[in-house]
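In what follows, residues are counted from 1 in the order of the sequence shown.
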Amino acid sequence: MVAVPWLRRHVGPAGYNVAVNLNDLEQLGLELRRLGWKKHLVHARELYAAMREGRIASWSVEHAERLLAVLGLGAHPLPCASSCPRCPRPAPGHWNGVRTMLHLPDRWVSQCSRCGAEWVDDTARRCSVDG
């Protein structure tokens, strides 16, 4: 096996300092199955198996970390909000300074252009629940 500096952190066997552990990936897999996100679930399962076996997967650990945060799981979940949780709302008629950073089937991640904060925009879920 060729020594790759980043390989140990990402897909090394048990005992290496990986950013996402197998328990996190199990949680992610259960949530993806609950949501019905089959396409994402296939990749999460592949990453889980790769981490257990110490091989490379098509998904990166960073991708799994990001999804864990977006779904409110893991060590650093993103807050749920309809606008920036740090900045005051802009005056009517002014640009709100929000950019969509990630779009998923039932939610999206927004980023404030003023302070850089990210949050899961809960408007889509509220609208689908309210009717």
Side-chain angles (χ1 to χ4, degrees):
M1 180 177 205
V2 177
V4 180
W6 54 264
L7 182 62
R8 286 188 179 158
R9 180 177 178 269
H10 297 291
V11 293
Y16 285 126
N17 183 22
V18 293
V20 173
N21 64 38
L22 294 176
N23 290 333
D24 290 338
L25 286 175
E26 284 180 31
Q27 273 190 313
L28 178 61
L30 290 171
E31 184 66 10
L32 293 172
R33 186 175 65 188
R34 186 186 72 76
L35 293 169
W37 295 3
K38 294 177 184 176
K39 181 178 155 186
H40 292 81
L41 182 57
V42 169
H43 295 293
R45 285 178 174 159
E46 180 194 359
L47 180 59
Y48 181 87
M51 285 182 69
R52 286 188 63 193
E53 298 166 9
R55 58 182 172 80
I56 297 175
S58 61
W59 248 22
S60 69
V61 172
E62 286 82 9
H63 194 102
E65 282 179 309
R66 182 76 168 155
L67 266 180
L68 281 164
V70 170
L71 295 174
L73 305 170
H76 306 288
L78 290 176
C80 247
S82 56
S83 63
C84 181
R86 293 186 196 164
C87 297
R89 290 186 181 261
H94 288 44
W95 181 53
N96 62 4
V98 174
R99 294 185 175 94
T100 301
M101 301 305 291
L102 176 66
H103 187 267
L104 293 165
D106 69 345
R107 65 196 80 200
W108 58 88
V109 176
S110 298
Q111 182 183 45
C112 179
S113 62
R114 287 183 267 173
C115 71
E118 287 188 335
W119 66 94
V120 177
D121 198 314
D122 61 358
T123 307
R125 284 181 284 164
R126 267 199 325 242
C127 292
S128 64
V129 171
D130 294 341

Study note, to complete from the structure: Sorted by chain and residue number, the side-chain contact (heavy atoms from CB on, under 4.5 Å) partners of Gln111 (sequence neighbours excluded) come out as Met101, Glu118

Review point. Quick one: does Asp121's side chain get under 4.5 Å of Val98's, heavy atoms only?
Key: no

Check your understanding: If you draw a 6.0 Å radius around CZ in Arg114, do more than 12 non-hydrogen atoms from other residues or ligands fall strictly inside?
Key -> yes

Check your understanding: For Pro85 and Trp119, which heavy atoms make the closest approach, and how far apart are they?
Key -> CD-CE3, 3.6 Å

Review point. Between Glu65 and Asp24, is any pair of side-chain heavy atoms under 4.5 Å apart?
Key: no

Study note, to complete from the structure: Taking every heavy atom of Ala57 against every heavy atom of Glu46, the minimum-distance pair comes out as CA-OE2, 3.9 Å

Check your understanding: Under a single-linkage definition using a 4.5 Å side-chain heavy-atom cutoff for Ile, Leu, Val, Met, Phe, Trp and Tyr, are Leu22 and Leu30 assigned to the same hydrophobic cluster?
Key -> no

Practice item. State which residues pass salt bridge (charged side-chain N to carboxylate O under 4.0 Å, His left out) with Arg34; sequence neighbours excluded, sorted by chain then number. Key: Glu31

Review point. Who pairs with Pro77 by side-chain contact (heavy atoms from CB on, under 4.5 Å), at least two apart in sequence or on another chain?
Key: none

Study note, to complete from the structure: Taking every heavy atom of Ala64 against every heavy atom of Leu25, the minimum-distance pair comes out as CB-CD2, 3.8 Å

Study note, to complete from the structure: Residues at least two apart in sequence or cross-chain that pass side-chain contact (heavy atoms from CB on, under 4.5 Å) with Leu102, listed by chain then number, are Arg66, Val70, Leu104, Val109

Study note, to complete from the structure: By side-chain contact (heavy atoms from CB on, under 4.5 Å), His103 pairs with (sequence neighbours left out) Trp108

Review point. In Å, rounded to the nearest 0.5 Å, how long is the span from CG of Leu78 to CG of Leu68?
Key: 10.5 Å

Exercise for review: Kindly write out the residues that satisfy salt bridge (charged side-chain N to carboxylate O under 4.0 Å, His left out) with Arg86, not counting sequence neighbours, or none if the list is empty.
Suggested key: none

Check your understanding: Quick one: are Gln27 and Asn23 in side-chain contact, heavy atoms under 4.5 Å?
Key -> no

Exercise for review: Quick one: closest heavy-atom pair of Trp95 and Pro90, and the distance?
Suggested key: O-CB, 3.9 Å

Please list, one pair per line, the donor and acceptor atoms closer than 3.5 Å that link side chains of residues 36-45 to other protein atoms, with sequence neighbours excluded.
none

Study note, to complete from the structure: Contacts satisfying ring-ring contact (aromatic ring centres under 6.0 Å, His included) that involve residues 61-87 (not counting sequence neighbours) are Trp59-His63

Revision key, fill the gap. Taken to the nearest 0.5 Å, the spacing of Leu71 CG from Leu35 CG works out to 6.0 Å

